[in-house]
Amino acid sequence: MENIFAAILFALLTAAGTLGVSSIGMFLFHRNPNDRDEEQRERFEYGFFGLAGLVVMLLMWYAL
């Protein structure tokens, strides 16, 4: 039964890592040619969620 805890941590690790990396990718490649202010706001959100996802991934990795 102790392996279920490790499995849940690994599932959180992979989910947070995937979301973090994909958000960083959207931060780098997302463009909105119609509204420059909206583009900056979206890029800030993608950067924040990408960094937060990577931090959660590292915490889960440490917890394992």
Side-chain angles (χ1 to χ4, degrees):
M1 199 63 178
E2 68 188 42
N3 289 340
I4 192 76
F5 184 66
I8 291 171
L9 285 178
F10 182 74
L12 289 173
L13 183 146
T14 55
T18 302
L19 290 172
V21 169
S22 62
S23 291
I24 294 293
M26 287 296 290
F27 170 77
L28 294 174
F29 298 117
H30 178 69
R31 299 287 181 255
N32 188 356
N34 297 332
D35 189 3
R36 189 78 170 151
D37 292 333
E38 185 69 24
E39 178 184 350
Q40 291 300 318
R41 189 172 18 258
E42 290 170 352
R43 291 189 71 196
F44 180 78
E45 291 174 1
Y46 287 135
F48 174 78
F49 286 122
L51 184 63
L54 293 178
V55 167
V56 170
M57 180 192 76
L58 292 173
L59 285 173
M60 294 301 111
W61 190 10
Y62 180 73
L64 279 175

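Predicted, not measured: the structure shown is a model, and the values here were computed from it. When a residue number appears, it is its place in the shown sequence, counting from 1.
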Practice task
To the nearest 0.5 angstrom, please state how far the CD1 atom of Ile24 sits from the CG atom of Leu19.
Solution key: 11.5 Å
Exercise for the section: Mind jotting down which residue pairs meet the side chain to side chain donor-acceptor pair (under 3.5 Å) criterion with at least one end in residues 27-36? Sequence neighbours excluded, please. Expected result: His30-Glu42, Arg36-Glu39
Handout entry: Stepwise side chain to side chain contact (heavy atoms under 4.5 Å, CB included) test for Leu54 and Met57
Key = CA-CA 5 Å; Leu54 293 178; Met57 180 192 76; 4.2 Å; yes
Acceptor/donor pairs from residues 9-18 side chains to any protein atom, 3.5 angstrom cut, sequence neighbours excluded:
| unit_1 | atom_1 | unit_2 | atom_2 | d |
| --- | --- | --- | --- | --- |
| Thr14 | OG1 | Phe10 | O | 3.2 |
| Thr14 | OG1 | Ala11 | O | 3.0 |
| Thr18 | OG1 | Thr14 | O | 2.8 |

Problem - Connected-component partners of Phe48 among ILVMFWY, side-chain separation under 4.5 Å - result: Phe49
Problem - Cluster link Tyr46 to Phe29, ILVMFWY, side chain under 4.5 Å - result: yes
Problem - Shared hydrophobic cluster for Phe44 and Leu51 (ILVMFWY, side-chain gaps under 4.5 Å) - result: no
Practice task
Mind checking side chain to side chain donor-acceptor pair (under 3.5 Å) for Arg41 and listing every partner two or more places apart, or none if nothing turns up?
Solution key: Glu38
